[in-house]
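When a residue number appears, it is its place in the shown sequence, counting from 1. Side-chain atoms are counted along with the backbone in the values below, which use heavy atoms only and exclude waters and symmetry mates.
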Amino acid sequence: MPKEYRTISEIAGPLMLVQQVAGVKYNELVEIELPDGSIRRGQVLEVSGDTALVQVFEGTAGLNLGTAKVRFLGRGLELGVSPDILGRVFDGLGRPRDNGPRIIPEKRLDINGYPINPTARDYPSEFIQTGISAIDGLNTMVRGQKLPIFSASGLPHSRLAAQIARQAKVPGTDTKFAVVFAAMGITFEEADFFISDFRRSGAIERAVLFLNLADDPAIERIATPRMALTAAEYLAYEKDMHVLVILTDMTNYAEALREISAARKEVPGRRGYPGYLYTDLATIYERAGRIRGKEGSVTQVPILTMPEDDKTHPIPDLTGYITEGQIILSRDLHRKGIYPPIDVLPSLSRLKDKGIGKGKTREDHADTMNQLYAAYARGKEAKELAAILGEAALSETDKLFSKFADEFEARYVKQGENEDRTIIQTLDLGWELLSMLPRGELKRIRDEYLDKYLPVKKEE
């Protein structure tokens with residue numbers, strides 16, 4: 001039975017100081033019992049001698065220094081896991097949110113995870129099909145990768161996240177695929193959108209949802225991605241599933257981290273965020289990967305809204321260092337009515353070359369990808385030139401590239417919210433667009449592929 005303390009000496013915001021404690025550890029779980037018998041939970045943030053600093057999840061309103069009893073439970077935050085978590089909706093602390101029964105756990109896992117030995121890691125190399133051409137064709141995601149989406153306020157990243165969750169699969173295999181979806185600091189409307197979308201499409205059957213609402217405590221927001229990753233690691237490494245983890249919005253997570261850092265009176269770093277923001281984000285992102293000898297894998301798609309659309313803001317900046325590329329959403333494309341508004345030129349998947357080619361997607365994938373990039377970039381340059389000097393300043397070839405850029409955005413980047421394109425459909429669409437250009441301009445594609453795949457133009 002845990003020892004009880006009635007030695008709360010100070011309460012400030014969500015924090016309280018408990019004195020004359022013994023054997024208390026950092027991150028330990030705490031129960032606070034009020035005189036009416038209600039229980040609040042908390043976590044040890046700091047221990048100094050016989051004094052413990054505790055963050056209370058439900059807040060400290062109504063807590064009385066003299067009458068509240070504090071119990072230290074001797075363990076950190078844990079998630080009870082079993083195969084029954086699939087198809088369920090939980091709150092940010094892993095409690096059922098869908099009025100379903102409580103999970104009878106097969107085991108309880110510490111949400112902070114266990115470090116993976118770097119030598120046991122396997123290199124990500126298998127293609128994951130999201131059904132979205134701008135990702136599959138040009139910024140291919142592979143199993144075990146961490147590929148963030150950099151968005152901005154007002155852009156449809158929630159719809160894109162739901163679409164990826166619905167459509168993602170490892171094609172050509174009968175492997176078990178699951179989605180773990182964690183939302184942090186979202187509104188009730190957004191939570192309702194995600195739950196109803198998953199249920200409507202049937203994706204809920206292979207998904208686990210963790211939803212932390214905007215009015216939930218900040219400390220819960222810090223636990224939410226770790227809860228999700230613990231569930232993902234269990235499904236991947238113990239149940240041999242390929243798990244896609246979608247984390248939205250990492251900006252809300254970092255704001256919660258800053259809030260708690262300020263409450264602890266820590267010295268702030270860049271833009272008021274704690275100096276350990278990089279390390280903290282790394283403890284989340286580095287939980288993606290494949291382990292040698294294990295069937296399953298954890299692939300991560302963190303989504304973050306860049307404050308003031310600023311790529312150099314600490315959150316996107318540090319995320320870019322830790323992860324393997326980024327998919328950037330564009331406000332200009334969104335204004336043009338293009339969904340998903342993925343800006344393919346600054347977007348990048350550093351592992352795309354490992355997941356494409358013969359036996360994975362198709363032999364012509366790498367060549368057509370490079371050619372589409374080059375042609376779109378040249379078309380954008382031509383459009384900029386025309387905006388300054390007028391259409392008459394463009395050569396006939398430049399006009400073709402300018403037209404290509406428009407068609408590329410309208411047909412390749414733009415697609416329906418429920419349109420699930422196979423990789424073959426995406427590659428064929430790329431060839432169809434490239435056939436607008438003279439064959440002599442397609443310098444990045446080998447002749448054998450041009451002969452085999454380039455559509456023959458009909459005579460006028």
ask   = Residues in salt bridge (Lys or Arg N to Asp or Glu O under 4.0 Å) with D280, at least two apart?
value = R226

Between [X] (side chain only) and [Y] (backbone N and O only), is there a donor and an acceptor less than 3.5 Å apart?
{"X": "E33", "Y": "R71", "value": "no"}
{"X": "N252", "Y": "G185", "value": "yes"}
{"X": "R166", "Y": "A161", "value": "no"}
{"X": "R292", "Y": "T119", "value": "yes"}
{"X": "E205", "Y": "G202", "value": "no"}

Rounded to the nearest 0.5 Å, how far apart are [atom1] of [X] and [atom2] of [Y]?
{"X": "E220", "Y": "M184", "atom1": "CD", "atom2": "CE", "answer": "12.0 Å"}
{"X": "L45", "Y": "M16", "atom1": "CG", "atom2": "CE", "answer": "10.5 Å"}
{"X": "H242", "Y": "I128", "atom1": "NE2", "atom2": "CD1", "answer": "8.0 Å"}
{"X": "M250", "Y": "T319", "atom1": "CE", "atom2": "OG1", "answer": "6.5 Å"}
{"X": "M369", "Y": "L138", "atom1": "CE", "atom2": "CG", "answer": "7.5 Å"}
{"X": "T224", "Y": "D91", "atom1": "OG1", "atom2": "CG", "answer": "7.5 Å"}

ask   = Regarding R159 and the six-membered ring of Y339, is the cationic atom NZ or CZ under 6.0 Å from the ring centre and inside 45° of its axis?
value = yes

task = Run the numbers on D84 and R102 for salt bridge (charged side-chain N to carboxylate O under 4.0 Å, His left out), then give the verdict.
result = CA-CA 10 Å; D84 296 336; R102 290 188 62 142; over 6 Å; no

request  = On the 0 to 90° scale, with breaks at 30° and 60°, tag the Y376-F408 ring pair as parallel, tilted or perpendicular.
outcome  = tilted

Flag the pair [X] / [Y] as yes when at least one side-chain heavy-atom distance between them is below 4.5 Å, and no otherwise.
{"X": "I39", "Y": "I32", "value": "no"}
{"X": "L333", "Y": "I342", "value": "no"}
{"X": "D364", "Y": "W431", "value": "yes"}
{"X": "R97", "Y": "L213", "value": "yes"}
{"X": "I135", "Y": "T140", "value": "no"}

task = Indicate, with yes or no, if the rings of F181 and F198 have centres closer together than 6.0 Å.
result = yes

query = Does the gap between the ring centers of H313 and Y273 come in under 6.0 Å?
reply = yes

query = Between the side chains of R444 and N370, does any donor sit under 3.5 Å from an acceptor?
reply = no

